[in-house]
Chemist: 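Questions regarding the structure given below will be posed in turn.
Reckoned from all heavy atoms, side chains included, excluding hydrogens, waters and symmetry mates.
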Amino acid sequence: MLILFPLIYISSFIFALKGIITGNRQSALLFLLFGLPIYISTLSITFSMGFGGVIGFLQVFKELLIFLLLSSQLINLKTRFKYHWLDYLVIAYFLYLFLYAVLPVGGQAFANRLVAFKSISFFPLIYFSGRLLSLKEVYLAKYFQYILYLTLAAAAVALAEFSFYQHFQTITGYADYHYYFYNFNATGSYGLTYTFEAEAGIKRFASFFANPLEHAAATLLALSVIAAIYTSDNYRFKPDAFGWIVLVATQISIFLALSRSSLLSYFLIIYVYALITRKRLLLNFIHALMILAVLYFLFLLNDEDVQDFVISTLNFTNPSSAGHVLEWVEGINAMIQNPLGLGLGASGRVAGSLGDNTGGENQFIIIGVQAGIVAMGLYMLMYAALVKLSYKWFYHLKGKEKQLCLVLLLIKIGFLVPFLTSELETSPYISYISWFFSGLFITVISARYLPAKLTASANNTP
C-alpha cells in the first residue's frame, strides 16, 4: 500500500506537466494539491524501499514545475503586464535576498546559501505563477473540492494512527530519511522528533503530512475553503451533507495534531468569519462560550496541578513555551547586534541541519536573523498587505472571486499564529498554495476591477 504514495506523487506531477505543455496551465494545481501534501512521506517511503538514488530527482519536482509554469506564462504573455504595488514589494524582497545569496555574506558556503535562499525566497516565483494566471483559466470550484477530499483522507489516516496509537511515519522510514539527508537524529519518545509529541509524551499525529504542524496548518486551509464555498454572496452559510462531514474531519485533524497555535487559529478563523459576515448569532454564541470557558477555568484553578500548569504557561517556564521564548530572544538579540543579518543559512531549517542555528521557531525572526530587519520588514509588509487587500475587497467581489478572496483572508489570518512558533514557509503544501492563491487574487483585483468600481460599490457593504 505504501507504494501508492510515490505513484500518486509522480503521476500528479506528470499530469500537471502535461497540462502545462499543452496550454492547460491550471493543471499545475493538481501537483500542488495531490503531490505536495505527501511530499515527505513519498521521499521517506522511496528511500526505505532502496531507491535513495532517485530522491534528488523527486525533490526538484516542485521547483521544476513552478519554473516551467512561470516560463510558459512569460513566453505566452500577449499583453503588457500591469504591475500592482504589491508586485514591487515581492520583487524587492526577492532581489534583496538574492544579493545575500550571491555575495559572501555570513559564514556559510555558497551552496548552503543557495539552499537557504530557496527556503525563504522561492515563494515570489510561486506568487507570480498565480499572478500571471487569469481566474477565467482556473476551475476554482473543482480545486476547492479537491482540498476537501484531501481533508477527508488526512482525517481518515489520522484516525487510523490514533486507533492503533502508532505514527504513520514509523512505517514510512521518516527518521532514516531525515538522518541520511538532513543529519537530523531521531529524538523524543517515539523515534521521530519532538514535534510528534506533546507534554507528558502524548502523541501528536501528522497523518500523511511532513509533521503535525503542517497537518494542523493544512486543516486551517481546509476550514477556510469550507467557509468560502458554502457562503453565498449575501453571507449565508449553507453547507450540504458533504460540507458538514468535511467540517467534522477538520475538527478530528486539528485535535489529533495537537498544535496549540493552530488550534487557537482554528477558532480565530471562525471568529473572524463571524465578524466579517456579520453573523450576530454565531458571535453571541462564541462570546458566551468564552465567558463559560473563563468561569470553568477559574473553577479549575482550585486544583493545584492546574494552577501549576497555568503559572508555568503564563511565565513561559513549561518546556514548550520556554523553548519558543529562548529561540525568540536569541534571534532578536542577533538582529539587534547585526541589523543587516548574519547571512543566509544562519537560522531556520538549513542552519539546523548544519548544526549552527541562531534563533528560530518564528517565521519572521528566521528571516530577520539571516537577512536583517529590511528583509523581515518587507516580508511583514507583504503579509499585512494581503490581509488588508483581501479584507478591503471582500465586500465588493462576487462568485468565485469572492470565494478566493475569503479563502486568502482567512488563511493569512489563520497562519499568523503558527508563523510565530514555527518556520511554516518551509512546508511546501502550505507555502505553495497560499502564495499561488495570493498571486491569483492580486490578478483579480488589479485586472478586472477598477478603483471607480470599488467606489461605486462601497454602499453595498453590509
Chemist: Could you tell me which non-hydrogen atom of L420 sits nearest to which non-hydrogen atom of N362, and how far apart they are?
Modeler: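 For L420 and N362, the tightest heavy-atom pair comes out as O-ND2, 3.2 Å.
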Chemist: Describe, in one word, how the ring planes of F209 and Y429 are oriented to each other, choosing from parallel (under 30°), tilted (30 to 60°) and perpendicular (over 60°).
Modeler: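 Rings of F209 and Y429: tilted, as their planes differ by 30° to 60°.
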Chemist: How about NZ on K142, more than 12 heavy atoms from neighbouring residues, nucleotides or ligands closer than 6.0 Å, or not?
Modeler: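 Result for NZ/K142: enclosed.
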Chemist: So, does N24 use its side chain to make a donor-acceptor pair with the main chain of I20 at under 3.5 Å?
Modeler: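 Absent.
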Chemist: With side-chain contact (heavy atoms from CB on, under 4.5 Å) as the criterion, how do F81 and L132 come out once you've worked through the C-alpha distance, each side chain's angles and the decisive distance to 0.1 Å?
Modeler: CA-CA 8 Å; F81 182 73; L132 293 174; 3.4 Å; yes
Chemist: Of all heavy-atom pairs between A28 and L65, which one has the smallest distance, and what is that distance?
Modeler: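 Looking at all heavy atoms of both residues, the shortest contact is O-CD2, 3.9 Å.
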Chemist: Hey, are Y165 and K203 close enough side-chain-wise for a donor-acceptor pair under 3.5 Å?
Modeler: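 The criterion, which ignores hydrogens and geometry beyond distance, is not satisfied for Y165 and K203.
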Chemist: Nearest 0.5 angstrom please: L32 CG to I66 CD1, how far?
Modeler: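 CD1 of I66 is found 5.5 Å from CG of L32.
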Chemist: Within the structure provided, determine whether T219 and S262 are in side-chain contact (heavy-atom separation under 4.5 Å).
Modeler: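 A side-chain contact is absent here, since even the closest heavy-atom pair is not under 4.5 Å.
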Chemist: For residues I411 and L220, determine if any side-chain heavy atom of one lies less than 4.5 Å from a side-chain heavy atom of the other.
Modeler: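 A side-chain contact is absent here, since even the closest heavy-atom pair is not under 4.5 Å.
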Chemist: Is the F441 to F437 ring centre distance short of 6.0 Å?
Modeler: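 Between F441 and F437, the centre distance exceeds or equals 6.0 Å.
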Chemist: Checking Y93 against Y127 for the side-chain contact (heavy atoms from CB on, under 4.5 Å) test, could you report, in this order, the C-alpha distance in whole Å, the side-chain angles of both residues, the deciding distance, and whether it holds?
Modeler: CA-CA 12 Å; Y93 175 87; Y127 168 85; over 6 Å; no
Chemist: Go through the steps to decide whether R131 and S446 satisfy the test side chain to side chain donor-acceptor pair (under 3.5 Å), and finish with yes or no.
Modeler: CA-CA 10 Å; R131 182 72 176 83; S446 62; 3.3 Å; yes
Chemist: Is the gap between the ring centers of F13 and F31 under 6.0 Å?
Modeler: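 When the ring centroids of F13 and F31 are compared, they turn out to be within the sub-6.0 Å range.
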Chemist: Between S72 and I21, is there a side-chain heavy-atom distance shorter than 4.5 Å?
Modeler: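 Result no, sub-4.5 Å side-chain heavy-atom pair not found.
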Chemist: Can you confirm whether the side chains of Y266 and T250 place a donor and an acceptor under 3.5 Å from each other?
Modeler: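 Side chains of Y266 and T250: pair found under 3.5 Å.
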Chemist: CG of L17 to CD1 of I14: how many Å apart, nearest 0.5 Å?
Modeler: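 Going from the CG atom of L17 to the CD1 atom of I14 covers 8.0 Å.
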Chemist: Are K412 and Y383 in a cation-pi setup, meaning NZ or CZ lies under 6.0 angstrom from the ring centre and within 45 degrees of the ring axis?
Modeler: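 Output yes; distance and angle both within limits.
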Chemist: What verdict does the side-chain contact (heavy atoms from CB on, under 4.5 Å) test give for W393 and L409, after you've listed the backbone C-alpha separation in whole Å, the side-chain angles of each residue and the deciding distance to 0.1 Å?
Modeler: CA-CA 10 Å; W393 281 95; L409 174 61; over 6 Å; no
Chemist: Are the ring centres of F34 and Y146 closer than 6.0 Å?
Modeler: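 Yes.
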Chemist: If you compare all heavy atoms of A334 against all heavy atoms of L342, which two are closest, and at what distance to 0.1 Å?
Modeler: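 Shortest heavy-atom separation between A334 and L342 comes out as CB-CD1, 4.1 Å.
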Chemist: Can R204 and E197 be counted as an ion pair, charged N to O under 4.0 angstrom?
Modeler: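 Judged by the 4.0 Å cut-off on N to carboxylate O distance, R204 and E197 do not form a salt bridge.
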Chemist: Would you check, one step at a time, whether the test ring-ring contact (aromatic ring centres under 6.0 Å, His included) holds for F196 with Y174?
Modeler: CA-CA 12 Å; F196 287 84; Y174 176 94; 5.2 Å; yes
Chemist: Would you confirm whether S27, through its side chain, and A16, through its main-chain N or O, come within 3.5 Å as a donor-acceptor pair?
Modeler: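 Checking the backbone N and O of A16 against the side chain of S27, a donor-acceptor pair under 3.5 Å is found.
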Chemist: Short question: side chain of E63, backbone of K118 - any donor-acceptor pair under 3.5 Å?
Modeler: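 The answer is no, because no donor-acceptor pair under 3.5 Å joins these two groups.
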Chemist: Tell me whether Y391 at atom OH has more than 12 heavy atoms from other residues, nucleotides or ligands lying less than 6.0 Å away.
Modeler: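 Count not over threshold, so no.
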Chemist: State the OG-CZ distance between S431 and F122, to the nearest 0.5 angstrom.
Modeler: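 Going from the OG atom of S431 to the CZ atom of F122 covers 9.0 Å.
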Chemist: Would you check if the distance from the ring center of Y39 to the ring center of F61 is below 6.0 Å?
Modeler: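 Here the rings of F61 and Y39 have centres that are no less than 6.0 Å from each other.
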Chemist: With a 4.5 Å cut-off on side-chain heavy atoms, are I445 and H84 touching?
Modeler: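 Yes. Closest side-chain heavy atoms under 4.5 Å.
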Chemist: May I ask you to check whether Y379 and F364 place their ring centres under 6.0 Å from each other?
Modeler: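 That pair passes the under 6.0 Å test.
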Chemist: What I want to check is whether the side chains of S129 and R25 have a donor and an acceptor closer together than 3.5 Å.
Modeler: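 Their side chains do not contain a donor-acceptor pair, so the 3.5 Å distance test is not met.
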Chemist: When rounded to the nearest 0.5 angstrom, what is the spacing between CD1 in I367 and CE in M376?
Modeler: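 Separation between the atoms: 9.0 Å.
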Chemist: For Y194, is there any backbone N or O sitting under 3.5 Å from a side-chain donor or acceptor partner on T187?
Modeler: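 It does hold such a pair.
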Chemist: S224 versus I269: any side-chain heavy-atom pair under 4.5 Å?
Modeler: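 Sidechains of I269 and S224: in contact.
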Chemist: Is the shortest side-chain heavy-atom distance between N211 and T193 below 4.5 Å?
Modeler: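 A side-chain contact is absent here, since even the closest heavy-atom pair is not under 4.5 Å.
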Chemist: Under 3.5 Å, is there a donor on one side chain and an acceptor on the other for Y139 and Y143?
Modeler: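 Y143 and Y139 do not have a side-chain donor-acceptor pair below 3.5 Å.
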Chemist: Before giving the answer on side-chain contact (heavy atoms from CB on, under 4.5 Å), spell out for I229 and Q145 the whole-Å C-alpha distance, their side-chain angles and the decisive distance to 0.1 Å.
Modeler: CA-CA 9 Å; I229 64 177; Q145 286 294 321; 3.9 Å; yes
Chemist: Provide the closest heavy-atom pair for F128 versus Q73 in the form atom of the first, atom of the second, distance.
Modeler: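 The answer is O-OE1, 3.8 Å.
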Chemist: Would you please indicate if the ring centroids of H215 and F205 are separated by under 6.0 Å?
Modeler: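 For H215 and F205, the ring centres are not under 6.0 Å apart.
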Chemist: Between CZ of R80 and CG of L77, what distance do you get to the nearest 0.5 Å?
Modeler: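 Atom-to-atom, R80:CZ and L77:CG are 11.5 Å apart.
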Chemist: Just by modelled atom types, is the G341 backbone N or O under 3.5 Å from a matching donor or acceptor in the N338 side chain?
Modeler: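 Side chain of N338 to backbone of G341: no pair is present.
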Chemist: Could you tell me whether F47 and F51 have their ring centroids closer than 6.0 angstrom?
Modeler: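 Ring centroids of F47 and F51 are no less than 6.0 Å from each other.
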Chemist: Would the distance check show the side chain of S71 and the main-chain N or O of L68 forming a donor-acceptor pair, the cut-off being under 3.5 Å?
Modeler: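 A pair under 3.5 Å: no.
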Chemist: Measure the shortest side-chain to side-chain distance between I45 and I3 over non-hydrogen atoms and say whether it is less than 4.5 angstrom.
Modeler: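 With C-beta onward as the side chain, the pair stays apart.
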Chemist: Between Y100 (side chain) and G343 (backbone), is there a donor-acceptor pair under 3.5 Å?
Modeler: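 Side chain of Y100 to backbone of G343: no pair is present.
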Chemist: For Q363 and L424, indicate whether the former's side chain and the latter's backbone hold a donor-acceptor pair under 3.5 Å.
Modeler: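 A pair under 3.5 Å: yes.
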Chemist: I'd like to know whether the aromatic ring centres of F168 and F5 sit less than 6.0 Å apart in this structure.
Modeler: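 Ring centres of F5 and F168 closer than 6.0 Å.
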Chemist: For Q166, is there any backbone N or O sitting under 3.5 Å from a side-chain donor or acceptor partner on T170?
Modeler: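 Between the backbone of Q166 and the side chain of T170 there is no qualifying donor-acceptor contact (under 3.5 Å).
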Chemist: What pair of heavy atoms forms the shortest contact from S261 to T421, and how long is it?
Modeler: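 That closest heavy-atom pairing would be OG-OG1, 3.5 Å.
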Chemist: Which atoms form the tightest heavy-atom contact between L133 and Q26, and what is the distance?
Modeler: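 Answer, listing the atom of L133 first, then Q26: CD2-CA, 4.5 Å.
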Chemist: Any side-chain donor paired with an acceptor under 3.5 Å for Q370 and S347?
Modeler: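 Short answer, no.
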Chemist: What's the separation between atom CG in L221 and atom CG in L408, rounded to the nearest 0.5 Å?
Modeler: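 With rounding to 0.5 Å, CG (L221) is 10.5 Å from CG (L408).
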Chemist: Under 3.5 Å, is there a donor-acceptor pair between the side chain of Y9 and the main chain of S41?
Modeler: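 No.
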Chemist: I'd like to check E425 versus W435 (side-chain heavy atoms, cut-off strictly below 4.5 Å). Are they in contact?
Modeler: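 Answer yes - side chains close enough.
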Chemist: Ring centroid separation for F110 and F117, is it under 6.0 angstrom?
Modeler: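 Not under 6.0 Å, so no.
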Chemist: Can you confirm whether or not the ring centre of Y182 sits under 6.0 Å from the ring centre of Y177?
Modeler: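 Yes: the rings meet the under 6.0 Å criterion.
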